[in-house]
Amino acid sequence: FSLRLDGGGYTNYGYTGDPNLTTRFVRQIAVDRDNSIWFATPAGVFRFQAYRWINDEQGASDDERNYINDLLVANDGALWAVTGGAGVRRKSGPAGTETVFMAADGAPETGYALAQDVRGTIWVGGAGGLYRFVDGRWDNPIAVSQLPSNEVTSLVPDNLNLWIGTTKGLVHYAISSNEVMVVKSLGEVSVEALALDNLGRIWAGTLGAGMWVRELDGRWRQFLHDPNDTNTLPGNDIFSHSLAPDSQIVGGLWAIVDGTELVRWDGFRWQRAARTWPLPTNLLWTIFSDPADGSLWVGSEAGVTRYDG
């Protein structure tokens, strides 16, 4: 592992064979109360603090518990992780005990998305629909028949509501009234990523249909690639964990497009970050915006890069 400060407000954390960092492929990023950075990877959960890596690998390297699709640091400091076939993992703290929830407990064995609402309820989207963990128990508040697809790809809480992305459309769920509404404006498109900006608008990144945003008046607006306009999206595919709100711009948003381009919505147009910020590689996996300081973390095939401005 190497730490390189290149100036210009960015730091690159690159993989060079450190035994405590066994992969460079970062799928998701989270920050805990101690300002430790947690990374979800296909080889387990990794924690970075004070210039050192801590490996939380379980069993053998090919153990399904190590294939992490999403991470969440809950309000109580617990770390939640959903896996690609080994259930939902909950760790009570950086050095705390771990519990694994499986299908027998009512949890999904394959999960894709994690979220926590204002009441502290944990939500998981995965193969088999939407799952909820509240008062120490799992349930399914929405029947699979009410969803456009049983594959829930992304989740974003919005006060007492929950936005649910699926492989065949977007759903708005009013938690208190248990009302489910499929958003018809988007059609049967695969919604891979969701984000809530600082104006309270919901953004939806899709496969093949570009980006959608719900304006404050309730109208939906679509952004698509235009080969003749460099201020538009550079492509129309937005993959999972590829959206992050921009705390430095009113209504701003960061996005990874086609897995190769980092772009920024400044309220008027799409700006391509590579024009001002160097990227260590053209293959990008995930982005995370730290609400505490506004920094942006980008996970890629070359490791993780932090941008401070």
Side-chain angles (χ1 to χ4, degrees), residues 69-70 72 74-76 80 82 88 90 101 103 105-223 238 240-245 251 253:
N69 286 326
D70 199 7
L72 170 72
N75 296 338
D76 62 359
W80 292 79
V82 290
V88 180
R90 180 188 182 276
F101 301 99
D105 304 302
E109 295 197 355
T110 296
Y112 305 122
L114 275 161
Q116 184 175 31
D117 65 25
V118 294
R119 293 177 173 174
T121 300
I122 300 295
W123 299 86
V124 175
L130 179 69
Y131 300 78
R132 175 174 61 184
F133 184 79
V134 61
D135 296 330
R137 303 176 68 177
W138 291 94
D139 67 1
N140 301 94
I142 300 177
V144 172
S145 60
Q146 293 179 277
L147 298 173
S149 166
N150 65 352
E151 296 280 330
V152 173
T153 56
S154 48
L155 298 170
V156 166
D158 181 7
N159 292 320
L160 294 179
N161 303 301
L162 186 69
W163 293 95
I164 305 166
T166 79
T167 55
K168 291 186 178 179
L170 179 65
V171 173
H172 178 267
Y173 175 48
I175 300 172
S176 297
S177 61
N178 203 38
E179 295 180 6
V180 178
M181 182 188 71
V182 177
V183 179
K184 296 182 179 179
S185 299
L186 275 64
E188 293 187 357
V189 66
S190 184
V191 178
E192 296 292 306
L194 294 170
L196 197 68
D197 68 20
N198 53 24
L199 289 176
R201 301 180 303 176
I202 185 71
W203 292 78
T206 74
L207 290 184
M211 191 93 69
W212 292 80
V213 61
R214 186 178 184 269
E215 301 290 2
L216 297 179
D217 62 4
R219 294 181 299 109
W220 285 92
R221 178 184 180 187
Q222 186 180 22
F223 297 93
I238 315 294
S240 62
H241 310 309
S242 292
L243 299 181
L253 185 83

Considering only heavy atoms from C-beta outward, does the side chain of Pro245 approach that of Asn198 to under 4.5 Å?
no
Here the pair of heavy atoms bringing Ala127 nearest to Pro108 is O-CB, 4.4 Å
Pairwise distance CH2(Trp123) to CG(Leu114) - rounded to 0.5 angstrom:
13.0 Å
Verify, without hydrogens or angle tests, whether Asn69 (side chain) and Val82 (backbone) share a donor-acceptor contact under 3.5 angstrom.
no
Shortest non-hydrogen separation from Phe101 to Ala107 and the atoms involved
CB-CB, 3.7 Å
List the steps and the verdict of side-chain contact (heavy atoms from CB on, under 4.5 Å) for Val152 and Leu147.
CA-CA 9 Å; Val152 173; Leu147 298 173; 4.1 Å; yes
Closest heavy-atom pair, Leu155 versus Ala115, reported as atoms and distance to 0.1 Å, is CB-CB, 4.0 Å
Please give me the minimum heavy-atom distance between Ala193 and Leu243, naming the atom from each residue.
O-CD1, 3.5 Å
Under the side chain to side chain contact (heavy atoms under 4.5 Å, CB included) test against Tyr173, which residue among Leu160, Asn178, Asp158, Asn161 passes?
Asn178
For residues 141-160, which residue pairs pass the ring-ring contact (aromatic ring centres under 6.0 Å, His included) check, not counting sequence neighbours?
none
Worked check of side-chain contact (heavy atoms from CB on, under 4.5 Å) between Val180 and Ile164
CA-CA 10 Å; Val180 178; Ile164 305 166; over 6 Å; no
Before giving the answer on side-chain contact (heavy atoms from CB on, under 4.5 Å), spell out for Val171 and Leu130 the whole-Å C-alpha distance, their side-chain angles and the decisive distance to 0.1 Å.
CA-CA 11 Å; Val171 173; Leu130 179 69; over 6 Å; no
With heavy-atom distances below 4.5 Å as the criterion, would you say the side chains of Gln116 and Ile122 are in contact?
yes
Ionic contact status for Asp117 with Arg119, cut-off 4.0 Å
no
Please determine, by modelled atom types, if Tyr131 and Asp139 share a side-chain donor-acceptor pair under 3.5 angstrom.
no
Compare all side-chain heavy atoms of Trp163 with those of Arg214 and state whether any distance is below 4.5 angstrom.
yes
For Ser154 against Ala113, the heavy-atom pair lying closest together:
CA-CB, 3.7 Å
Using every non-hydrogen atom in the two residues, find where Ala195 and Val156 come nearest and quote the distance to one decimal.
N-CG2, 3.9 Å
Output the distance between atom CG (Leu170) and atom OG1 (Thr206), rounded to the nearest 0.5 Å.
10.5 Å
Does a side-chain heavy-atom distance below 4.5 Å link Val88 with Trp138?
yes
Run the numbers on Thr167 and Ser149 for side chain to side chain donor-acceptor pair (under 3.5 Å), then give the verdict.
CA-CA 6 Å; Thr167 55; Ser149 166; 2.7 Å; yes
Residue pair Leu253 / Arg201, side-chain heavy-atom distance below 4.5 Å:
no
Taking the side chain as C-beta and beyond, is there a heavy-atom pair between Trp203 and Asp197 under 4.5 Å?
yes
Going by atom types only, do Ser190 and Glu192 share a side-chain donor-acceptor pair under 3.5 Å?
yes
Asp217, CG: over 12 other non-hydrogen atoms inside 6.0 angstrom:
yes
Evaluate the criterion side-chain contact (heavy atoms from CB on, under 4.5 Å) for residue pair Thr153 and Ser240; output intermediate values, then yes/no.
CA-CA 7 Å; Thr153 56; Ser240 62; over 6 Å; no
Under the 3.5 angstrom rule, does the side chain of Gln222 hit a backbone N or O of Ala209 as a donor-acceptor pair?
yes
Could you tell me the separation between the CZ atom of Arg137 and the CG atom of Asp105, rounded to the nearest 0.5 Å?
12.0 Å
When rounded to the nearest 0.5 angstrom, what distance separates CH2 in Trp80 from CZ in Arg90?
5.5 Å
